[in-house]
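Structure first, then comments.
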Number of protein chains: 2
Amino acid sequence: MQTKMKIGELARRTGFSTKAIRYYELLKLLPEPDRTESGYRLYGQKDVERLEFIEKAKHLGFSLEDIRDILILDEQQQRPCVHVLALLDQKLKQVDDVLRDLKDFRKELAGLRKESAEQIERLPADAICGIVERGVHAKGEAALAWLEFRHPGKRGRR
Amino acid sequence: MQTKMKIGELARRTGFSTKAIRYYELLKLLPEPDRTESGYRLYGQKDVERLEFIEKAKHLGFSLEDIRDILILDEQQQRPCVHVLALLDQKLKQVDDVLRDLKDFRKELAGLRKESAEQIERLPADAICGIVERGVHAKGEAALAWLEFRHPGKRGRR
DNA sequence: ATAAACCTTCCAGTCGGCTGGAAGGTCAAG
DNA sequence: CTTGACCTTCCAGCCGACTGGAAGGTTTAT
């Protein structure tokens with residue numbers, strides 16, 4: 001049992017902001033921590049690990065709600081149950097679906113890029129942009145929605 | 001030039017909402033249209049084509065900001081295709097990053113599932129599980145979230 | 001003794017891509 | 001002449017995942 005740390009130290013160790021950590025507590029992703037007499041939050045190694053897990057799951061596009069459910073499952077591992085297993089299976093299926101769509105879409109994108117690079121000087125002059133006009137399967141829409149969903153707002157700065 | 005139409009007709013022809021069309025005008029994706037004496041917006045065939053282009057670009061996963069940039073380049077009679085090619089490369093890289101991460105996470109998730117499945121075999125199936133109720137609930141919510149993600153804008157939960 | 005570096009809670013704002021509604025003007029049909 | 005389908009503008013809100021700031025309390029160092 002190591003030194004208990006305050007929220008700033010936990011933030012420094014995990015790369016999350018103190019704001020985010022308090023927010024996760026609010027959403028029940030983190031348990032309510034012990035407090036000092038003066039009310040400061042106190043964290044230990046388990047919290048570091050929990051935040052590291054959250055970071056991985058988050059990076060993979062799981063919502064905080066999803067992550068909260070998975071963490072609750074983790075807490076209950078001594079007494080797992082069928083319904084929880086079903087939830088996990090559902091998550092796995094979602095991941096597999098996205099994986100499949102994304103692989104297909106990568107192919108389409110790569111093919112479109114290659115053709116376009118070769119034919120860029122010969123594209124129809126009346127179109128706004130020949131590349132876009134050629135279009136892509138509906139699968140791409142879902143896969144890219146996933147992309148936008150996962151990496152929101154990273155494009156805005158210029 | 002043939003029949004000028006009002007915004008409702010343009011919406012019907014393109015599948016966009018009138019709200020969305022006005023919003024695109026605000027964001028400079030559409031030029032300011034002519035007006036009737038009473039102030040109604042009047043659109044022509046070019047606007048239909050522009051919205052069709054916007055729809056395709058949206059399917060390719062471009063943001064409205066991306067699309068506006070492409071349209072502005074086009075208006076300046078430059079070659080937006082070169083720009084689009086760069087955007088395509090960016091998308092490809094994003095897809096590759098997601099694929100790599102997603103494969104890693106699938107492994108983690110599968111491991112967790114396996115552990116849970118092993119534990120379940122050593123316990124009666126009717127064992128009390130504190131998260132059953134909310135597990136079932138979360139399943140429904142997650143399914144809805146997934147639907148929304150694939151078909152955004154058709155919401156109605158809670 | 002005081003500054004600075006922390007910490008607390010609470011409320012508000014951000015982003016994108018819209019949608020909804022209020023309050024009112026316009027237009028064709030019955 | 002009224003009904004109802006359209007149109008106008010403007011303001012509000014939604015989703016998720018935070019971030020920013022105000023207003024204050026605590027701890028540590030000089």
Side-chain angles (χ1 to χ4, degrees), chain A residues 4-12 14-30 32-43 51 54-55 57-69 141 144-158, chain B residues 4-12 14-30 32-43 51 54-55 57-59 61-69 141-142 144-158:
Chain A
K4 287 278 192 175
M5 65 196 116
K6 282 177 285 178
I7 199 169
E9 176 64 17
L10 181 63
R12 239 166 278 125
T14 59
F16 285 96
S17 69
T18 60
K19 289 276 192 187
I21 292 169
R22 286 191 206 97
Y23 181 62
Y24 292 166
E25 181 186 330
L26 186 71
L27 297 194
K28 312 281 186 196
L29 273 85
L30 293 175
E32 289 196 10
D34 293 341
R35 303 275 188 149
T36 66
E37 294 214 344
S38 54
Y40 288 11
R41 287 169 176 81
L42 287 178
Y43 297 98
L51 282 171
I54 290 169
E55 203 204 341
K58 220 165 71 70
H59 189 231
L60 290 157
F62 284 88
S63 71
L64 297 186
E65 200 186 346
D66 284 344
I67 298 170
R68 190 191 55 202
D69 292 341
E141 183 190 3
L144 273 165
W146 172 257
L147 268 181
E148 297 297 320
F149 175 67
R150 286 193 59 259
H151 300 291
K154 291 200 173 168
R155 195 197 287 99
R157 32 159 198 174
R158 46 178 64 182
Chain B
K4 287 278 192 177
M5 65 198 115
K6 283 177 284 178
I7 198 169
E9 176 63 17
L10 182 62
R12 240 165 278 125
T14 59
F16 286 96
S17 69
T18 60
K19 290 274 191 186
I21 292 169
R22 287 192 205 98
Y23 180 63
Y24 291 166
E25 180 185 330
L26 186 72
L27 297 195
K28 313 280 184 198
L29 273 85
L30 293 176
E32 290 196 10
D34 293 340
R35 303 274 187 151
T36 64
E37 294 215 344
S38 53
Y40 289 10
R41 287 169 176 80
L42 286 178
Y43 297 98
L51 281 171
I54 290 169
E55 204 202 339
K58 252 160 60 79
H59 280 315
F62 292 123
S63 70
L64 296 186
E65 200 187 345
D66 283 343
I67 298 170
R68 191 194 52 202
D69 291 345
E141 290 286 293
L144 262 174
W146 188 246
L147 275 173
E148 283 181 32
F149 144 69
R150 282 176 172 257
H151 305 285
K154 291 169 188 167
R155 296 181 305 99
R157 327 154 57 175
R158 288 190 231 280

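Quick note on labels: first sequence line is chain A, next is B, and so on, each numbered from 1. Predicted model, so just to flag it, every value in this text is computed and none were measured.
For a distance-only test at 3.5 Å, the side chain of K19(B) qualifies as a donor-acceptor partner of the base of dG21(C). You won't find any donor-acceptor pair under 3.5 Å spanning the side chain of Y23(B) and the base of dG16(C), going by distance alone.
Side-chain proximity of A20(A) to dC18(D), dG17(C), dT8(C): nearest is dC18(D). Of the listed nucleotides (dC7(C), dT19(C), dC18(C)), dC18(C) has the atom at the smallest distance from the side chain of K58(B). Comparing atom distances between the Y40(B) side chain and each of dG17(C), dT8(D), dA17(D) picks out dT8(D) as nearest. Checked against dC18(D), dC27(C), dC7(C), the side chain of S38(B) finds its nearest nucleotide in dC27(C). The side chain of S63(A) sits closest to dA17(D) out of dA17(D), dC18(C), dC7(D). Here the side chain of I7(B) is nearest to one of dC7(C), dC7(D), dT19(C), namely dC7(D). Taking only side-chain atoms of R22(A), from C-beta outward, the nucleotide of dT8(C), dT19(D), dC7(D) with the closest atom is dT8(C).
Counting heavy atoms from C-beta outward, L64(B) and Y24(B) have side chains that approach closer than 4.5 Å. In this structure, R41(B) and K6(B) have side chains that are not in contact, with every pair of non-hydrogen atoms separated by 4.5 Å or more. Proximity of M5(A) to L42(A): side-chain heavy atoms (C-beta onward) are nowhere separated by under 4.5 Å. Side chains of F16(B) and E55(B) form a contact here, defined as non-hydrogen atoms less than 4.5 Å apart.
Within the nucleic acid shown, T36(A) has no heavy atom closer than 4.0 Å to any nucleic acid atom.
Going from atom CG of L42(B) over to atom C1' of dC7(D) covers 11 Å, rounded to whole Å. The interatomic distance linking D69(A) (CG) with dG16(D) (P) rounds to 13 Å, in whole Å. Separating the OH atom of Y43(B) from the C1' atom of dT8(D) is a distance of 12 Å, rounded to the nearest angstrom. The nearest whole Å value for the distance from the CG atom in L30(B) to the C1' atom in dC18(C) is 14 Å. The interatomic distance linking E65(B) (CD) with dC15(C) (P) rounds to 11 Å, in whole Å. Counting to the nearest Å, the P atom of dC6(C) and the NZ atom of K4(A) are 21 Å from each other. Rounded to whole angstrom, the span from the CG atom of L10(A) across to the P atom of dC6(C) amounts to 15 Å. Rounded to an integer number of Å, the gap from I21(A) CD1 to dT8(C) C1' is 15 Å.
Taking side-chain N and O atoms only, Y24(A) has no distance below 4.0 Å to OP1 or OP2 of dA17(D). Within the structure, a side-chain polar atom (N or O) of R41(B) is placed less than 4.0 Å from OP1 or OP2 of dT8(D). For the pair T18(B) and dC7(D), the criterion of a side-chain N or O lying under 4.0 Å from OP1 or OP2 is not met.
Position along DNA chain C of the nearest nucleotide to R35(A) versus K6(B) favours R35(A) as the more 5'-ward residue.
Contact between E25(B) and R35(B) at its shortest, heavy atoms only, is OE2-NH2, 4.2 Å. Residues T18(B) and A11(B) come closest through the heavy atom pair CG2-CB, 3.9 Å.
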